[in-house]
Visitor: 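Supplied in structure tokens, the structure appears directly below.
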Amino acid sequence: MEIVLQAKNVRKVYGIKGNVYTALDNISLEITKGDFVGIMGPSGAGKSTLLNVFSTIDKPTSGEIQISGQELETM
Ligand SMILES: Nc1ncnc2c1ncn2[C@@H]1O[C@H](COP(=O)(O)OP(=O)(O)OP(=O)(O)O)[C@@H](O)[C@H]1O
Ligand SMILES: [Mg+2]
């Protein structure tokens, strides 16, 4: 199956110095062509943060995200 989105060890940490919050803690997933994916979780779980880094609205603190094999960082 063709992988359209691959995320490896994605972390997103908001804030600086003593006031930091880890919104995404090592998220890895693969989405293959034709998948219909829902993201569920309570308020504050990090759903919007995840979609923001997948859509390049925001940058992950670390980790890799590829869309159709291309690293988002290189776009
Ligand atoms: N810009 C920001 N600066 C600091 N913390 C943030 C920021 N954006 C989100 N957060 C924090 O990151 C965590 C995840 O937030 P996020 O908005 O991704 O959750 P969510 O799952 O989309 O919640 P909801 O269901 O309420 O939309 C929350 O604790 C939130 O307070
Ligand atoms: Mg949200």
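Start at 1 with the first residue, then count along the sequence. Quantities reported herein were computed from a predicted structural model and do not represent experimental measurements. Ligands are counted one by one from 1 in listed order, and the atoms in each one are counted from 1 as well.
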Visitor: With a cut-off of 6.0 Å (strictly less than), are more than 12 heavy atoms of other residues, nucleotides or ligands near CD1 of Ile57?
Guide: yes
Visitor: Where is the nearest protein heavy atom to atom 25 (O) of ligand 1: which residue, which atom, and how far?
Guide: Lys47 NZ, 2.7 Å
Visitor: Please list the nearest protein heavy atom to atom 17 (O) of ligand 1 with its residue and the distance rounded to 0.1 Å.
Guide: Ser48 CB, 3.9 Å
Visitor: Using a 4.0 Å cut-off to any heavy atom of Thr49, which atoms of ligand 1 qualify?
Guide: 14 (C), 15 (O), 16 (P), 18 (O)
Visitor: Check whether any protein heavy atom sits under 4.0 Å from atom 4 (C) of ligand 1.
Guide: yes
Visitor: Would you mind listing which atoms of ligand 1 come within a distance below 4.0 Å of any non-hydrogen atom of Tyr21?
Guide: 12 (O), 13 (C), 29 (O)
Visitor: Near Pro42, which atoms of ligand 1 are under 4.0 Å from a heavy atom of that residue?
Guide: 21 (O)
Visitor: Write down the atom of Pro60, the atom of Val10, and the distance for their closest heavy-atom approach.
Guide: CB-CG1, 3.9 Å
Visitor: Is atom 31 (O) of ligand 1 touching the protein, meaning some protein heavy atom lies under 4.0 Å away?
Guide: no
Visitor: Take the Mg ion (ligand 2) and tell me which protein N, O or S atoms are nearer than 2.8 Å.
Guide: Ser48 OG
Visitor: Would you check whether Gly44 has a nitrogen or oxygen atom less than 3.5 angstrom from a nitrogen or oxygen atom of ligand 1?
Guide: yes
Visitor: Check each atom of ligand 1 against the heavy atoms of Ala45 and keep those under 4.0 Å away; list them by number with element.
Guide: 19 (O), 21 (O)
Visitor: Any nitrogen or oxygen of Gly46 lying under 3.5 Å from a nitrogen or oxygen in ligand 1? Just yes or no.
Guide: yes
Visitor: Starting from atom 1 (N) of ligand 1, which protein heavy atom do you reach first, and at what distance in Å?
Guide: Tyr14 CE2, 3.7 Å
Visitor: Does the Glu71 side chain pair with the main chain of Ile65, one donor and one acceptor, at a distance under 3.5 Å?
Guide: yes
Visitor: My understanding is that only one of Thr49, Thr61, Thr22 makes a side-chain contact (heavy atoms from CB on, under 4.5 Å) with Tyr14; could you say which?
Guide: Thr49
